[in-house]
Amino acid sequence: MKRSEVKNLIISSLGSNSDPREVAGKLEDAGVTYDFSEGFTNKVIGKISSARLVVNRELEFVRNMSSAFYRIALTGVAAIVLLLISIYLMEGSISLNSFLGLGDFSDESIICLLGGN
Amino acid sequence: MESYRKANENELVSASLEGDKLAFGEIVNRYRKMVARTVKGMLGDSVFAEDIGQEVFIRLYHSLAEFRGEAKLATYIQKIAVNLTLNEIKRRKRSFSMFSQKGDDEIYEFDVADHDNEERRDAKEMVTSALMKLDPKFRIVVTMRMLQGYSTKETADALELPQGTVLSRLSRAQKQLKEILEKL
């Protein structure tokens, strides 16, 4: 199609009497076609997959963190229980004084100890 | 994607929602030209248009669950394409007005080589160049009408504009295009 014919087609395509589908078809035949590059579909699928991979990695990280936290919390609780048992066995009670290691001290001896006399 | 070549829209959407990438790939293949006409008609035949095209389908993939099948899938995709393209034009206008006084038609310098014969390439270049010189609000209605072959009603639906507005924009675009094409 010649340049002048394409120009006329473009102008007439916007008129109220024209058939838009027919004009679009004629323009396409004249070479006015648009498409994306080769491999476009694969690029889109690749981007979607990589985005999903990032989300999966984030989820895995959160899952790993909560499992690590769970293990640390369990170990901590076990250590506290062991400490309380050992205090009870050594001091015979689980009072604050025995917990702080002050079970055998009287008030005077603590003052002497702190005062250095 | 051979297995989905004869599948209908609803089957493709359902399969895509279940994570079937072949089904979604078939959707991309079916509608890529339609999206290319809108995006490249509005932004020019550039690498940026390619990125926006990809973004259209990525957005579609993430919003497929919201697609209820009340409208055609093509209309749904077209709306995403129009919105993303208009956003890109706004973004460009902002960044160009910040850094230079260049017009909107001077940024399409990344033409992808086409191996059609010279006459066909000439026709395409002339159409693209004329479109780029149009005001974006006229360019979008002309793209819908001239490249997509949409009727006034279909254009109005896709752009969510009253039919009267579409008709008046088409009429004004026709005048602008006459002047532009005389100089080309």
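Protein chains get the first letters and strands the later ones, always in sequence-line order, with residue 1 at the start of each.
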Quick check on B/Ala49 against chain A: is it the side chain, the backbone, both or neither that has a heavy atom closer than 4.5 Å?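 The backbone, not the side chain.
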Below 4.5 Å from any heavy atom of chain A, which atoms of B/Met146 appear? Answer side chain, backbone, both or neither.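 For B/Met146, backbone and side chain are both near chain A.
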Is there a donor-acceptor pair closer than 3.5 Å between any side-chain N or O of [X] and the backbone N or O of [Y]?
| X | Y | value |
| --- | --- | --- |
| A/Lys7 | B/Glu182 | no |
| B/Arg32 | A/Phe36 | yes |
| B/Arg145 | A/Ser13 | yes |
| B/Gln54 | A/Val44 | no |

Given A/Tyr34, which partner from the list B/Thr38, B/Val35, B/Thr128 fulfils the side chain to side chain contact (heavy atoms under 4.5 Å, CB included) test? B/Thr128
Do the side chains of [X] and [Y] join up, straight or via other hydrophobic residues, at under 4.5 Å, putting them in one cluster?
| X | Y | value |
| --- | --- | --- |
| A/Ile94 | A/Ile85 | no |
| B/Leu167 | B/Val141 | no |
| A/Leu83 | A/Ile80 | yes |
| B/Ile180 | B/Ile89 | yes |

Would you give the length of the straight line joining atom [atom1] of [X] to atom [atom2] of [Y], rounded to the nearest 0.5 angstrom?
| X | Y | atom1 | atom2 | answer |
| --- | --- | --- | --- | --- |
| A/Thr41 | B/Leu22 | OG1 | CG | 11.5 Å |
| A/Lys43 | B/Ile58 | NZ | CD1 | 11.5 Å |
| A/Asp35 | B/Asp45 | CG | CG | 10.0 Å |
| B/Lys21 | A/Ile48 | NZ | CD1 | 8.0 Å |

Identify which of A/Asp19, A/Ile11, A/Val23 forms the greatest number of heavy-atom pairs closer than 4.5 Å to chain B.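 If we count pairs closer than 4.5 Å to chain B, A/Ile11 comes out on top.
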As an exercise: rank B/Glu55, B/His62, B/Arg37, B/Gln148 by heavy-atom pairs under 4.5 Å with chain A and give me the winner.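 So the answer, after comparing B/Glu55, B/His62, B/Arg37, B/Gln148, is B/Arg37.
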Out of B/Gln174, B/Lys175, B/Glu154, B/Met144, return the one with the most heavy atom pairs under 4.5 angstrom to chain A. B/Gln174
Within 6.0 angstrom of B/Arg30 CZ, more than 12 heavy atoms from elsewhere: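 Check passes, neighbour count above 12.
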Please look at A/Glu28 and chain B and tell me whether the side chain, the backbone, both or neither of the residue comes under 4.5 angstrom of a heavy atom of that chain. both
Compare every heavy atom of A/Ala30 with every heavy atom of B/Ala123, then report the nearest pair and how far apart it is.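 Closest heavy-atom pair between B/Ala123 and A/Ala30: CB-O, 3.6 Å.
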